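Since we're looking at a predicted model, the values are computed, not measured.
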Amino acid sequence: MSRVGNKIIIVPEGVKVDIADDNTVTVTGSKGTLVRQFSPLINIDLDGNEIKVSRTSEQKSVKQLHGTTRALLANMIEGVHNGYEKTLEIVGIGYRAQMKGDKLVLNVGFSHQVEIEGEEGVKIETPNQTKIKVSGISKERVGEIAARIRAVKKPEPYKGKGIKYANERIIRKEGKTAGKK
């Protein structure tokens, strides 16, 4: 039995949810609008300001969709109400980031600059040269862009140089001199 899928979603004030017959859910809030079509094997019922997600059968594949559908729907509501933000930090001498139009330009120790295109609905900012903020209403898109930026130069375990999430802890290794006697 899905514990996540059985939780009721409370729709906050100022968020409007429309459910079509083909299980297409449109969520509108102060930050924007998100639309997603869910499987017809899952029932989505709107009652006042509460949404209940239930499944049509007890098959394994339907059970798997149950919790996922509820989580995606809750993330949509949270996104249009508050939005999502990920912060990345750049560690390393001479490593920096800057915005040129809607492109993020990274100087992270390569012989060339790395440019990352922004997407519609996702905002990339650089408050200073070593911080990058990725924000938007879709948790999936914000996480994807942040992961793509981090993948340009992942933090290495010896000095910690690279691009890391703000709350990420890099596990350090000792250098070669640690084993000498």
- Query: With sequence neighbours left out, what residues match P12 under side chain to side chain contact (heavy atoms under 4.5 Å, CB included)?
  - Reply: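 P12: side chain to side chain contact (heavy atoms under 4.5 Å, CB included) contacts with V15, I77, H81.
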- Applying side chain to side chain contact (heavy atoms under 4.5 Å, CB included), name anything that partners V35, two or more places apart in sequence or on another chain.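 Expected list: T24, T26, T33.
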Distance check, rounded to the nearest 0.5 Å: [X] atom [atom1] versus [Y] atom [atom2]?
X: I51; Y: L46; atom1: CD1; atom2: CG; value: 5.5 Å
X: Q59; Y: L65; atom1: CD; atom2: CG; value: 10.5 Å
X: L104; Y: Q113; atom1: CG; atom2: CD; value: 10.5 Å

- Please assess D45 against S54 for the test side chain to side chain contact (heavy atoms under 4.5 Å, CB included), listing each intermediate value before the final yes or no. CA-CA 8 Å; D45 301 315; S54 59; 4.2 Å; yes
- Results of salt bridge (charged side-chain N to carboxylate O under 4.0 Å, His left out) for K52 - residues two or more places apart only: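 For K52, no residue satisfies salt bridge (charged side-chain N to carboxylate O under 4.0 Å, His left out) once neighbours in sequence are set aside.
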- Can you name the salt bridge (charged side-chain N to carboxylate O under 4.0 Å, His left out) partners of E140, sequence neighbours left out?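 Residues passing salt bridge (charged side-chain N to carboxylate O under 4.0 Å, His left out) with E140: R36.
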Hey, can you pull the donor-acceptor pairs under 3.5 Å for the side chains in residues 144-153, sequence neighbours left out?
| residue | atom | partner | partner atom | Å |
| --- | --- | --- | --- | --- |
| R150 | NE | E168 | OE1 | 3.2 |
| R150 | NH2 | E168 | OE2 | 2.7 |

- side chain to side chain donor-acceptor pair (under 3.5 Å) partners for E78, two or more places apart: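 E78 satisfies side chain to side chain donor-acceptor pair (under 3.5 Å) with N82 only.
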For the pair [X] and [Y], find out whether any cationic side-chain nitrogen is under 4.0 Å from an anionic carboxylate oxygen.
X: E89; Y: K164; value: yes
X: R55; Y: E58; value: yes
X: E125; Y: K133; value: no

- Message: Taking I163 as the starting point, is it possible to reach V142 by hopping between hydrophobic residues whose side chains are less than 4.5 Å apart?
- Response: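 Per the 4.5 Å side-chain linkage, V142 and I163 are co-clustered.
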